[in-house]
Structure formats: structure tokens, C-alpha cells
Amino acid sequence: MRLKARHGYCAGSLILLALSVLSFYPNRDCGWIDVVEGRLIVQERGIPAGDPLSFATHDSPRLLHHLWLSDIVFHLIDARFGFTGLRALVPLMAFLFGIALLLFFATLGFDPLESTVLALAVFAVSMDRFRVRPHLFSMVFLFLAFAVLYRRWHDPRPRDMLALFGMSALWMNLHTEAIIFPATVSLMVIADIAVPLYKKRLDGRHGRLCLLAVALWLGVLCTPHHYEKIAFAIGSKPLQRYIMEYESPLRHLFDKRFPMAVFPVASALLLGFAMYKRKLSPVFIVAALPFLYLSIRHMRFIYMAGIPLGLALAPFVDSLRAAKAYRAALLLLGAAIVAFVLMMRLPDFSATIVSPRQDADPNWFPVEAVAFMKSRGIEGRIFVAERMITQWSSYLLYERYPRCTTFLDCRHVNADTDIRFGEFFQIYRGAATQTRLLDTYHVEYLLVDNDFVFHPDERDRWTVLHRDRLASVWKRVR
């Protein structure tokens, strides 16, 4: 029986590996900036003060500390293998994410087929998150950490605490999202000891659980600037309203992204049903609710709905197995999910086969315009603007920093730079303040898309040097 289960998990792993390979395609995200940050940290042997990449926010608080280790890893891979190496990292991390999902669902008591189908479901709705970004590490660590935690929850031992402490410390240095792990575990511990504490029936296990929570918090404190990182993780970020990944999945119930909207809704309904039937302990309810909330609140956390989904289904799995068509239905569902992933990913992957070393998607980034700027030796203060707000800036900085600096880049949506974004849109949309702002920041060149608008008083001060179907480059003439 154990051998058959091993074969089942191997088959599931191979399916996930095959689907992970499809995540190798030209970059369409602002992971370029993480490489640039890594260069800065390595060159200066520490996190630079201020913001040397931007001429508009040079004196702003440090933005690099919350991803410092990921930035270094990305820089080292880029220095050795180029950005193509980072693109190859994405399918590797996608595969590890799939393995972590399998381990998580197996820990909850699902058999190989059930674990594979559930892992495929979470994998499919998370495909949009497979990008050259540090959150890849959080996706893997989240399910891996909870797989270890649930396996040892009823009898935590010192070696388990040590393993989770080390995992928490490494995770926090890679990505600040790690803060959610000790926070959730602390709530679980409180829920677990509340009734025994009231009845004065605490035992040694409850003491070990408290030590586990303390160990996890010590883990997240094992990082430079830990107080800044915690404040960053829980602080308000008003500029995220401009970014699609911070939208609620529920906004996509009636468009082509509807599977992403249905997934957290289904998890919420199943969790509500399990709570109504009193199938879940308070500990598991407390464990599920934060992730359910985040997956419904923000598109970027959609993968977290896998935790409430697994916890909600686990109590019913024995009764489901008694149904005659249960296994056939699982196979059919798994096949449908695989077909969905292939339909969504094959077009991009096919283009990659034709041009495997095309790192930047030329339909997404101003590849021709930046190549022109490099050939002409253009450098200085560049105002970069496009419909995605800051992604072009990140690409330009990757290719031209320190010869060029920009007004804003994609890091600033996670910082309190609301005033700068207001100025950004005043320049981009040709407001009456456009001339004053361009003069104030001593902007020398513009790299803008075709939606950029000059104020009537400003147009004659600029001459176009390059124009293509995606972008144009302008130089100040007076």
C-alpha cells in the first residue's frame, strides 16, 4: 500500500513538473528591479541609505530592506547566467510550489490522487503569480511550513521548533510576507490553550506550543532592520490601488479570470459548511480565516486559499470516498485542470521555443527604445511613464543604471509616496503643472508610451529622438 502511494505521489510530481516547465517565457513583470537592488547591496556591502535609483525620492526611507536576500540571490543568478537564468528559476520554483502543495495536502490526510488534484487546482489559479519576483519564495515556504506544522501540531518537539525557527528566519530574509506565519501560529496557539486555560487543564504540550510560537517570532527577528520590516508588512500602502494584483479576485467573476474569482469563493463556502457541521476545531478555523480573507482581498494572495480549502475538505474525505463515482470524478477534474493550464500557458511557451533567449517581452517592454538609448549613450534623469505606471522604469534601470535614474519605479507602490505619484500623473497627463514639475526635477529625457500628453506650453521644449509602435524617446531642447 505504501509503495502504491509512493507511485501516486511520483505521478503527481511528474504532472506538476511538466506543467511547471510552461512557466518559462519572456518576462512581463518588474523583477528587473530586484536584480538592480541586489547589485546595489553587493556593491555597497549593505543596504544603501535613501533611494539612489530615483531622482524624485532620493531622500525617502529605505525600500530595499524587506527583500534584501532575494535581491542578492537574483543578482547572483543574473551575474552568472543572465536574466535567462532568472526566467529558468521560475519553473523551478513553480515545481517546488507544487511539491509543497502535495506535502501539505498529504499531511491533512488526503491520498495521492486527492492530493494531486487539489495541488493542481491551487497550482492552476496561482499561475499568474509565477514570475521573476521574490514572492515565489513565499509561495513555497507557506505550504511547506504549514505541512511541517500540522504534522507535529499535537506533539511539537524541540527539533520541530528548531526546523520551523530556521525556516521562519530564512523566509523572513527572503520576503517580508513571512510575518504571516508566526502571526497565524500565535492565533492558533491562543485558540488551542484558551479552553484548557479556563478549565485549568494545561499540560506540557501547551507549554511546547507557546515555545513554538516564541521560536517563530524569534526567527522573523533574525533579519536586518527587523522592526522596519514588520512595520512595512503591516503598514498601509495606499498606492497599491493602482496595481491589478492588489485587486480583489471577486472583480473578475464575469471575465476570463473567473476561475481565480471562483476559487476563493468555493473555499469560503466549503469552510462555512465545515464550520456549520462543526467539523473543524477552533484551532483550524483560526488557521484558515486569515488566508481566506487575504485571498479574497487581493489577487496576489489567491494561492493562500489552498489552506482553507484543504482544512475544509479534510473532515469530509472519508465520506466522499464512499461514493461510487468519486475516483472517476477526481480523475475527470484533474484532467480538466491540466487542460486549462495547457490552454492558458502553451501560447506563451510556444513563443519561447522560437526565441528562448528573449528575456523581455517586446509587446510589454520598450525593448527597441531602450536599445536605441544604449546605442546613443543617452543617460541622466529620465522620466519614464506607461500604462502599467512603473514597469518600464524597472526595465530601464536594469539595462542602464547607474547611467540613468528614473522618477519612480515599481517599488514605490509599496511605499508611502502618494505625493510623488500625484506628480507622476500630473506630468503624464499633461496637467498645468507639467512644466513646473519637469523643471523642478531637472528631467532631461522622456521614455513614454503613446498615451503620454504634453501640455500645450510644454510641447515645443522637446524633440523626439525615437518612436516605435510601443514607445518614444524625447530630449529636452530648451
Side-chain angles (χ1 to χ4, degrees), residues 30 32-33 36 40 48 50-61 63 238-243 364-478:
C30 57
W32 318 97
I33 200 67
V36 180
L40 281 171
D51 185 6
L53 305 179
S54 168
F55 57 80
T57 63
H58 183 78
D59 297 324
S60 65
L63 296 169
L239 296 171
Q240 290 175 350
R241 65 181 179 269
Y242 298 115
I243 308 302
W364 209 269
F365 290 100
V367 177
E368 295 179 28
V370 172
F372 169 82
M373 295 174 72
K374 290 174 71 174
S375 67
R376 293 292 185 91
I378 291 175
E379 55 186 58
R381 297 183 170 215
I382 320 290
F383 178 82
V384 186
E386 91 289 351
R387 60 184 176 83
M388 294 176 289
I389 304 176
T390 57
Q391 291 199 9
W392 287 10
S393 296
S394 303
Y395 178 61
L396 178 64
L397 289 168
Y398 173 80
E399 294 286 355
R400 298 293 290 159
Y401 182 82
R403 293 178 178 87
C404 295
T405 55
T406 63
F407 189 81
L408 295 175
D409 58 70
C410 62
R411 295 166 303 137
H412 296 100
V413 299
N414 290 316
D416 188 16
T417 52
D418 212 3
I419 295 175
R420 296 292 175 264
F421 262 83
E423 294 176 338
F424 172 92
F425 284 115
Q426 290 173 47
I427 297 174
Y428 182 56
R429 294 167 179 167
T433 55
Q434 186 184 65
T435 298
R436 177 180 61 80
L437 290 170
L438 290 171
D439 288 342
T440 299
Y441 291 109
H442 305 290
V443 175
E444 301 166 79
Y445 294 91
L446 305 175
L447 171 60
V448 292
D449 65 8
N450 296 323
D451 292 329
F452 180 83
V453 178
F454 278 109
H455 187 271
D457 296 337
E458 183 68 15
R459 173 63 184 83
D460 293 338
R461 302 176 66 196
W462 298 84
T463 183
V464 64
L465 301 179
H466 168 86
R467 191 191 299 274
D468 57 53
R469 61 184 178 83
L470 201 64
S472 57
V473 179
W474 300 76
K475 179 182 179 180
R476 182 196 289 269
V477 292
R478 62 182 179 87

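Along the sequence shown, the residues carry numbers beginning at 1.
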V384 versus F424, closest heavy-atom pair with distance: O-CE1, 3.5 Å
Chi angles and distances behind the side chain to side chain contact (heavy atoms under 4.5 Å, CB included) call for E444, I382: CA-CA 6 Å; E444 301 166 79; I382 320 290; 5.8 Å; no
Pairwise side-chain contact, L53 with I33, heavy-atom cut-off 4.5 Å (strictly under): yes
Closest contact, heavy atoms only, L447 versus A471: CD1-CB, 4.2 Å
Heavy-atom closest pair, residues W32 and S394: CB-O, 3.4 Å
Side chain to side chain contact (heavy atoms under 4.5 Å, CB included) between H455 and T433, intermediate numbers included: CA-CA 9 Å; H455 187 271; T433 55; over 6 Å; no
Check: Y441 ring centroid to F383 ring centroid under 6.0 Å: no
S54 side, atom OG; F407 side, atom CZ - distance, nearest 0.5 Å: 7.0 Å
Heavy-atom closest pair, residues R467 and V464: NH2-CG2, 4.1 Å
Carboxylate-amine/guanidinium proximity below 4.0 Å for D449 and R469: no
Min side-chain heavy-atom separation W392-C30 under 4.5 Å: no
Audit row: Y445, L465, side chain to side chain contact (heavy atoms under 4.5 Å, CB included) steps and yes/no: CA-CA 10 Å; Y445 294 91; L465 301 179; 4.0 Å; yes
Under 3.5 Å: donor-acceptor pair, side chain of E379, backbone of C404: no
Expected output: side-chain T406 to main-chain S393 donor-acceptor under 3.5 Å: no
V453 versus Q434, closest heavy-atom pair with distance: O-NE2, 2.9 Å
Inter-residue atom distance M373.CE - R403.CZ, 0.5 Å rounding: 12.5 Å
Output field: ring centroids W474/F454 closer than 6.0 Å: yes
Verdict with reasoning, L396 to D409, per side chain to side chain contact (heavy atoms under 4.5 Å, CB included): CA-CA 10 Å; L396 178 64; D409 58 70; over 6 Å; no
D439 with R461: basic N within carboxylate O range, under 4.0 Å: yes
For L438 against I427, the heavy-atom pair lying closest together: CD2-CG2, 3.8 Å
Rounded distance [0.5 Å steps], CG in L437 versus CD in E423: 5.0 Å
N/O donor-acceptor pair under 3.5 Å between R400 side chain and T405 backbone: no
Proximity of W364 and Y395 rings by center, below 6.0 Å: no
Residues, nucleotides or ligands: over 12 heavy atoms within 6.0 Å of R459 CZ: yes
Lys/Arg-Asp/Glu bridge criterion (N-O < 4.0 Å) met for E399, K374: yes
Backbone of V443 reached by a side-chain donor or acceptor of R476 within 3.5 Å: yes
Parallel, tilted or perpendicular: rings of F452 and Y428 (30°, 60°): tilted
